[in-house]
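Notes to accompany the following structure.
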Number of protein chains: 2
Amino acid sequence: MDFDRLKGGNPLYQQIAKWMIDHIHSGNWKEGYKLPAEEELAEQLEVSRGTLRKAMVRLLKQGLLEQVQRKGDFHFKSFYHNHN
Amino acid sequence: MDFDRLKGGNPLYQQIAKWMIDHIHSGNWKEGYKLPAEEELAEQLEVSRGTLRKAMVRLLKQGLLEQVQRKGDFHFKSFYHNHN
DNA sequence: CCCAATTTGTGCGTATGTATC
DNA sequence: CGATACATACGCACAAATTGG
């Protein structure tokens with residue numbers, strides 16, 4: 001989705017992480033929203049799955065993203081509680 | 001079955017797809033032939049199920065493979081009608 | 001009809017090799 | 001060289017559908 005791939009810019013995975021956070025802020029992704037599968041989302045973003053994962057792991061560690069069981073999907077949790 | 005795992009070669013899933021097509025051409029797999037379960041076939045080929053699936057999905061999309069009723073199994077359909 | 005086993009469908013976790021900057 | 005990015009490949013776990021007793 002129109003990321004900056006120019007040299008010298010921020011890494012793709014950082015841009016993606018920011019893009020996801022923006023989606024929460026804008027209300028596009030509300031709490032409990034179930035993300036598409038990594039493979040599918042990566043395809044939509046036109047990045048590799050590995051790069052997308054790198055962004056997601058960042059958000060996971062920051063507590064912005066929550067992994068539900070072993071079901072294989074991610075849900076957003078209450079964002080504002082965990083955003084410092 | 002004796003696939004080329006050397007670096008620089010074609011991906012395994014491509015080789016497997018070709019191997020399956022060759023089986024049809026050679027007459028080993030005639031129309032209507034029911035394939036073994038994915039798990040079993042993967043074991044015979046000494047590849048992972050995921051890699052085997054990747055090859056099968058390719059053939060499915062190309063119309064060389066047909067999925068029959070019970071989601072279960074795959075049958076080969078008239079190969080020559082769909083091969084350009 | 002019910003139930004357990006089988007098989008496909010899906011998705012994540014991880015590792016490796018290659019290329020580029 | 002190290003960081004970034006991609007493609008490939010394996011494994012594991014679970015859901016859903018089907019099968020057969």
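Lettering of chains follows the sequences in order, A, B, ..., and the numbering in each one begins at 1.
Here the side chains of Leu41(A) and Gln44(A) are in contact, with some heavy-atom distance below 4.5 Å.
Taking atom CE of residue Met56(A) and atom P of nucleotide dG13(C), one finds them 8 Å apart after rounding to whole Å. Atoms CZ (Arg53(B)) and P (dT10(C)) sit 7 Å apart, rounded to a whole Å. Atom-to-atom, CG of Leu60(B) to P of dT8(C) comes out at 12 Å; the value is rounded to the nearest Å. Atoms CD (Glu39(A)) and C1' (dT8(D)) sit 11 Å apart, rounded to a whole Å. In this structure, Glu43(A) atom CD and dA7(D) atom P are separated by 11 Å, rounded to whole Å. Rounded to a whole Å, the CG atom of Asp4(B) is 15 Å from the P atom of dT8(D).
Distance check: Ser48(A) OG to Glu43(A) CD gives 12.5 Å after rounding to the nearest 0.5 Å.
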Under 3.5 Å, which N/O atoms of the protein pair with N/O atoms of nucleotides 2-6 of chain D?
from, atom 1, to, atom 2, distance (Å)
dT4(D), OP1, Tyr13(A), OH, 2.5
dT4(D), OP2, Tyr13(A), OH, 3.3
dA5(D), OP1, Leu12(A), N, 2.1
dA5(D), OP2, Leu12(A), N, 3.3
dA5(D), OP2, Tyr13(A), N, 3.4
dC6(D), OP2, Ser48(A), N, 3.1
dC6(D), OP2, Ser48(A), OG, 3.0
dC6(D), OP2, Thr51(A), OG1, 2.4

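In terms of modelled atom types and a separation under 3.5 Å, the side chain of Gln15(B) and the main chain of Asp4(B) share a donor-acceptor contact.
In this structure, Leu12(B) is not a member of the same hydrophobic cluster as Val57(B), with clusters built from ILVMFWY side-chain heavy atoms closer than 4.5 Å. Hydrophobic clustering places Trp19(B) together with Ile21(B) (ILVMFWY residues linked when any side-chain heavy atoms are closer than 4.5 Å, directly or through intermediates).
Minimum heavy-atom separation, Ala55(B) to Ala17(B): CB-N, 3.8 Å.
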